[in-house]
Amino acid sequence: MSAPTHTRPPQATRGGVDIRLPWWALALPVLAFVALLLLILNPADAHAAAEQPAIAHLLERVEQLTVR
C-alpha cells in the first residue's frame with residue numbers, strides 16, 4: 001500500500017523569498033539614525049542640556065553607576 005505524497009506549491013520552487021515590509025519597518029530605523037546623527041553633529045545642544053540641574057544630576061548619577 002503506497003502512501004500519498006504531497007507536492008510543493010508552485011511558489012516554493014521559485015527559489016526567491018518574496019517578503020514585503022510595512023513602510024514603518026524602514027522609516028523607524030532611518031528616523032532613529034537621523035536623530036542620533038543630529039545629536040552627534042550638534043554637541044551644543046548636549047552642553048545646554050547638561051546645564052539644567054535635574055539633567056545634570058541624572059547624568060552624574062549615571063556616571064557614578066557606570067564607574068562601579
Side-chain angles (χ1 to χ4, degrees):
M1 182 168 173
S2 62
T5 59
H6 298 287
T7 59
R8 292 184 178 178
Q11 294 98 1
T13 60
R14 197 175 338 150
V17 177
D18 186 25
I19 297 175
R20 295 185 51 97
L21 295 174
W23 64 268
W24 51 265
L26 181 62
L28 289 179
V30 169
L31 182 65
F33 176 78
V34 169
L36 291 174
L37 185 63
L38 289 175
L39 285 174
I40 291 171
L41 293 178
N42 196 0
D45 290 342
H47 179 67
E51 293 175 0
Q52 297 175 359
I55 294 176
H57 179 67
L58 178 65
L59 291 175
E60 289 175 6
R61 184 67 179 148
V62 169
E63 183 181 358
Q64 290 172 356
L65 289 174
T66 56
V67 171
R68 290 185 191 179

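Just so it is clear, the structure is predicted and the values come from calculations on it, not from any experiment.
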Checklist entry - To the nearest 0.5 Å, how far apart are CD in E60 and CG in L65? => result 12.0 Å
Checklist entry - Listed by chain and number, what are the side chain to side chain contact (heavy atoms under 4.5 Å, CB included) partners of P22, not counting sequence neighbours? => result W24, A25
Item to check | Member of L38, L36, L31 meeting the side chain to side chain contact (heavy atoms under 4.5 Å, CB included) criterion with V34 | outcome: L38
Checklist entry - Take atom CD in Q64; do more than 12 heavy atoms of anything else shown fall under 6.0 Å from it? => result yes
Next on the checklist: My understanding is that only residues two or more places apart in sequence, or in another chain, count here; which of them pass side chain to side chain contact (heavy atoms under 4.5 Å, CB included) with L37?
Outcome noted: F33, L41
